[in-house]
Amino acid sequence: MKQQENMRKFFLLTIIVIAAMLASCAGGKVKYRIGVSQCSDDIWRDKQNAELRMDAYFHDNVELKFAAAYDSDERQVQQIDSLMNDGIDLLIVAPNQVQTISPAIDRAYDKGIPVIVFERKTSSQKYTAFISADNYEMGRVMGEYIVSRLHGRGTVLEIKGLEGSSPAIERHNGFMDAIKDAPGIKVVGSLQGDWTEPTAYESTKQWLLNNKDVRVDLVFGANDRTAMGARKALANSKLYTLNSTLYCGIDGLPGENGGIQLVRDSLLDASYIYPTHGDQIIELAVNILEGKPYKKETMLMSALVTRDNAKVLLMQSEELMRQADRLDLLHDKADNYLHELDVQRVVNWLAIGVIILLLVAIVLFYLNHLSKVNIRRERVVNNLWNLGSTESTELTENTEKTTAIADIPEEGQKTETEPLFITRFREVVERRMTNSELSVEDLAADMNLSRVQLYRKVKALTGSSPVELLRIARLNRAYQMLLTTDKNVSEVAYDVGFSAPAYFTKCFKDEFGRVPGEVRKSS
Ligand code: FRU
């Protein structure tokens with residue numbers, strides 16, 4: 001029973017080990033979960049998100065979770081809270097406006113989540129790092145460009161970014177500072193553009209209705225999309241002929257309908273590259289998460305785009321984008337390959353697990369079988385064959401009186417008389433073992449059986465053959481003699497029926513683990 005219990009435990013343990021092996025091969029590395037809270041959703045954000053994603057590929061322990069607030073403060077606050085509840089390890093956030101998003105960012109920061117504020121500022125100091133281009137500088141440089149483009153004289157219609165968002169404030173301030181020393185430049189209107197083309201279009205359309213007599217030489221949009229919105233409104237108004245007004249914006253995106261192309265195609269007169277640099281943001285995030293050194297404030301480089309450099313910039317950026325697309329494709333391929341590899345690995349482990357289980361089951365079955373045979377054998381041999389014990393001697397005397405030849409069970413007969421049979425057989429062996437010429441046939445004859453019958457019966461009852469039992473009996477008696485007489489080893493060997501002392505010594509060692517001399521010494 002106890003043995004079966006142990007085997008069950010061993011079997012269970014094997015299953016647990018295999019399950020652990022499978023789990024460890026299925027489980028991956030520890031992941032950093034990074035939440036990205038974007039205030040808007042537009043081509044600038046798309047480009048940046050793609051870069052974030054791309055750079056995250058280089059860190060196989062980074063997982064990104066994106067949220068876009070579509071220019072809504074309320075939505076962005078909710079999204080930050082829910083990213084936080086999802087258990088992100090770091091927050092990257094472009095706050096829609098300076099004041100409104102700060103409480104949510106503070107909450108994350110106070111919870112111990114590192115925060116990277118990028119591109120737009122908050123009113124709070126609770127952030128881990130800030131990364132952006134210099135929006136004031138961009139407004140200022142663009143202002144200087146406009147002054148020189150208009151040769152110091154002309155009217156400008158400004159389309160501002162979302163009120164309350166830091167780039168809108170800073171670009172406006174930079175621009176105003178740049179033109180304050182140019183008295184010939186007159187800002188005829190400062191309209192809300194909210195960073196979007198439709199809002200800029202509507203504001204400009206309204207303004208034109210109320211300012212039919214005012215001529216606009218140049219539109220300065222806080223970004224390219226608002227400049228283009230104003231352009232459409234002016235083009236539709238019939239007050240302006242195409243190309244009579246210049247349009248300047250900011251963002252200078254590469255690619256289809258990006259600012260660089262618009263400048264090359266003369267739809268915009270100038271733009272300013274507002275770098276997205278998702279790669280640098282991810283590097284910064286990983287450094288923070290891994291406890292490596294990082295800069296708290298990072299200023300990104302940017303540059304003016306004009307008709308002079310637009311063509312070259314476009315060619316270069318197109319080349320870069322082509323390479324990025326190829327990299328993306330390569331990554332997809334690698335991803336698929338890795339996925340297949342993962343599946344294959346799990347299948348392999350499963351197969352190994354099944355094989356191990358089968359092997360364990362076979363070994364357990366075999367051990368179980370062996371132990372049953374041994375238990376049975378030991379019981380019979382120990383209880384009935386221990387020639388040295390007094391108990392067995394008593395049994396011998398009793399059975400001698402009661403056992404008749406007729407009592408010997410035939411093959412297949414019931415087992416009540418089995419102990420008696422063995423006892424009688426033992427008596428025969430004990431009586432005749434001293435004869436070194438004794439054969440199984442002799443023993444069988446004494447038991448009134450054929451040699452084969454005797455073999456089968458003894459084997460079935462004890463698990464041992466008659467010859468083995470004869471040898472054990474001789475060895476047991478020899479053991480007793482070594483303990484109780486002064487006879488030397490050879491004499492003992494001959495006395496118990498061995499014809500060669502050397503063979504006797506070998507058998508003795510096999511049976512008792514010691515040579516006869518040692519038993520003699522210890523007695
Ligand atoms: C993108 C965008 C850009 C602009 C920036 C200002 O969402 O509107 O066009 O330059 O945000 O934060």
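We use all heavy atoms of the structure for the numbers below, so side chains are in, but hydrogens, waters and symmetry mates are not. For reference, positions follow the sequence shown, starting with 1. Atoms within a ligand are numbered from 1 in the order they appear, just like the ligands themselves.
Against a heavy-atom cut-off of under 4.0 Å, Pro167 is close to the following atoms of ligand 1: 6 (C), 12 (O). The ligand atoms of ligand 1 that sit less than 4.0 angstrom from a heavy atom of Tyr274 are 5 (C), 10 (O). Taking every non-hydrogen atom of Trp44 and a distance limit under 4.0 Å, the qualifying atoms of ligand 1 come out as 1 (C). In the vicinity of Ser40, heavy-atom distances shorter than 4.0 Å reach the ligand 1 atoms 7 (O).
Using a 4.0 Å cut-off between a side-chain N of Lys or Arg and a carboxylate O of Asp or Glu, Glu119 and Arg45 qualify as a salt bridge. For Asp342 and Arg345, the salt-bridge test passes: some basic side-chain N is under 4.0 Å from an acidic carboxylate O.
With hydrogens left out, the protein atom closest to atom 3 (C) of ligand 1 is Asp251 OD2, 3.3 Å, a heavy atom. If you check which protein heavy atom lies closest to atom 8 (O) of ligand 1, you get Arg225 NH2, 3.2 Å.
Around atom 5 (C) of ligand 1, the closest heavy atom drawn from Glu119, Gln38, Glu170, Met138 belongs to Glu119.
Here Phe220 and Phe175 bring their ring centres to under 6.0 angstrom of each other.
No more than 12 heavy atoms of other residues, nucleotides or ligands lie within 6.0 Å of NZ in Lys333, so this atom counts as exposed by the packing criterion.
Under the 3.5 Å distance criterion, the side-chain polar atoms of Gln79 are matched with a main-chain donor or acceptor of Ala68. Checked by atom type and distance alone, the side chain of Asp224 pairs as donor or acceptor with a backbone atom of Gly252 at under 3.5 Å.
By the 4.0 Å heavy-atom criterion, Asp42 is counted among the residues contacting ligand 1.
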